[in-house]
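Convention: sequence-line order gives letters A, B, ...; per-chain numbering from 1. What you see is a predicted model, and the numbers here were worked out from it, not measured in a lab.
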There are 2 protein chains.
Amino acid sequence: MDSLAQILQRVREEARRRNVRWTNQRQVIVETFITCGEHITVEELHRRARAADPTVSSATVYRTINMLVEIGVATKRQFGPGSASFECSFIKEHHDHLVCLGCGRIIEFHQDLIEQMQEQVAREHGFRLSHHRLELFGTCAECQAQSGDVEDDAVANDNTAPGS
Amino acid sequence: MDSLAQILQRVREEARRRNVRWTNQRQVIVETFITCGEHITVEELHRRARAADPTVSSATVYRTINMLVEIGVATKRQFGPGSASFECSFIKEHHDHLVCLGCGRIIEFHQDLIEQMQEQVAREHGFRLSHHRLELFGTCAECQAQSGDVEDDAVANDNTAPGS
DNA sequence: ATGGATGCAAAGTATTTGCAACCTG
DNA sequence: CAGGTTGCAAATACTTTGCATCCAT
């Protein structure tokens, strides 16, 4: 849980160590990324970065975010099909995600008991855990209200349904 | 946990109910899909279906698998970027995955308490769940033994590292 | 017959990459 | 200055879609 300045510092050091040059585009993109505080897509990151420097192209955003992932500063997440999301690895405590299939909203949560049970499952199978990924998909309260009662079988039959 | 014939039956009934015509391509694709027994990509499904009917195009495989997802027979899973995988919703009970980072082995497990806690988390946020994805990554017993006695700290899964 | 289904190819997304100009160190 | 970096556009990879033809009902 470092401060933003510390993270930026860390990235720049790593960049120097790797002989990576620090261009204005990188400064802008990295700054935008680590201060956004939550998941962000390349498209959105590009949009915001362009506010600070209109010359930033999406290709450079892709290249930069991929570099951040490589040096462990960003984490890539693929919430279903569509664009990937990225989040800063140092800003937040560990958390899992609740994803609304209606509006795409993402809520973070942390449930200690679930974590503990995961540890137990791992233990039962002789595994030593390194990390995990837990995503719950469903419909948020607002989307439920909005789509009213015209509820197709889309999300209704979740008994036999998907999962895993 | 229906038999393959029952599932096929079910799909055909649903098809009739929806006024969906039962072409040979569909027969072949659906049959191939429900008998494959595990995750399969569109590409692989297409490859296998063509063995039974060379006229099957990938467009039709996409259209058919999407129909299966729509009627709840198939589940789409996006393992990171790249092609999506599909699996039959009825062949297996719901399960989560324990993935060994050493040998790639995948163990399926089911933990009721975890499922219940997930439901609770969803409830707390006003979500209606449709499905979830839980994957635990770590090292299996054999790989631990093999790689020697490097007795690291039992890596907690809430470090700053990647993977929610 | 009638309208849904198919194959093909073109169009869409999301992301990467080749290249010549450009800029950091 | 050297060589990493950039924007642009073309290239990839995966999936969807328009259209003329075909076929299940």
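Distance CZ (B/Arg63) to P (D/dT15): 15 Å, rounded to an integer number of Å. Straight-line distance from the CD atom of A/Gln27 to the P atom of D/dT5: 15 Å, rounded to whole Å. Distance, A/Met67 CE to C/dT15 P: 18 Å, rounded to whole Å. What separates CG of B/Asp53 from P of C/dT6 is a distance of 11 Å, to the nearest Å. With rounding to whole Å, A/Leu68 atom CG is found 13 Å from D/dT5 atom P. Atom-to-atom, CG of A/Asn24 to P of C/dC23 comes out at 11 Å; the value is rounded to the nearest Å. Spacing between atom NE2 of A/His46 and atom C1' of C/dT15 amounts to 14 Å, rounded to whole angstrom units. Following rounding to the nearest Å, B/Arg21 (CZ) and D/dT21 (C1') show an atom-to-atom distance of 14 Å.
For B/Tyr62 and D/dT16, the shortest distance from a side-chain N or O to OP1 or OP2 is not below 4.0 Å. In terms of phosphate contacts, A/Gln25 brings no side-chain nitrogen or oxygen within less than 4.0 Å of OP1 or OP2 of C/dC23. Phosphate contact (OP1/OP2 of C/dG4, side-chain N/O of B/Thr23, threshold under 4.0 Å): absent. Dashed line: the shortest gap from a side-chain N or O of A/Ser57 to OP1 or OP2 of D/dC8 is not under 4.0 Å.
Counting any heavy atom pair closer than 4.0 Å across all strands shown, B/Arg26 reaches sugar-phosphate atoms only and no base atom. Within the nucleic acid shown, A/Thr55 comes within 4.0 Å of sugar-phosphate atoms alone, with no base atom in reach, counting heavy atoms only. Here A/Val42 lies out of heavy-atom contact (under 4.0 Å) with every strand.
Of the two residues near DNA chain C, B/Asn19 and B/Val61, the one whose nearest nucleotide lies more 5' is B/Asn19. Two residues, B/Trp22 and B/Ala59, neighbour DNA chain C, and the one matched to the more 5' nucleotide by heavy-atom proximity is B/Trp22. Take the nearest nucleotide of DNA chain D for B/Asn66 and for A/Ser58: the residue whose nucleotide is more 5' is A/Ser58.
Inter-residue side-chain proximity for B/Glu119 and B/Gln116 is flagged as unmet; no heavy-atom pair is nearer than 4.5 Å. Counting heavy atoms from C-beta on, the side chains of A/Gln118 and B/Gln111 never come closer than 4.5 Å.
The aromatic rings of A/Phe137 and B/His131 sit parallel, their planes meeting at an angle under 30°, below the 60° perpendicular limit.
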Donor-acceptor pairs under 3.5 Å, side chain of residues 48-57 of chain A to any protein atom, not counting sequence neighbours: which ones?
residue	atom	partner	partner atom	Å
A/Arg48	NE	A/Glu44	OE2	2.8
A/Arg48	NH2	A/Glu44	OE2	3.4
A/Asp53	OD1	A/Thr55	N	2.9
A/Asp53	OD1	A/Thr55	OG1	2.8
A/Asp53	OD2	A/Asn24	ND2	2.8
A/Ser57	OG	A/Thr60	N	3.3
A/Ser57	OG	A/Thr60	OG1	3.3

With side-chain contact (heavy atoms from CB on, under 4.5 Å) as the criterion, how do A/Gln27 and A/Leu8 come out once you've worked through the C-alpha distance, each side chain's angles and the decisive distance to 0.1 Å?
CA-CA 9 Å; A/Gln27 170 75 28; A/Leu8 192 54; 4.0 Å; yes
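Without hydrogens or angle criteria, B/Thr41 side chain to B/Ser85 main chain gives no donor-acceptor distance under 3.5 Å. B/Thr64 places no side-chain N or O within donor-acceptor distance of the main-chain N or O of B/Val61, the cut-off being under 3.5 Å.
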Which nucleotides of DNA chain D pair, in dot-bracket form (Watson-Crick or G-U under 3.5 Å, | meaning another strand)
|||||||||||||||||||||||||
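The closest side-chain donor-acceptor pair between A/Gln120 and A/Glu124 falls under 3.5 angstrom.
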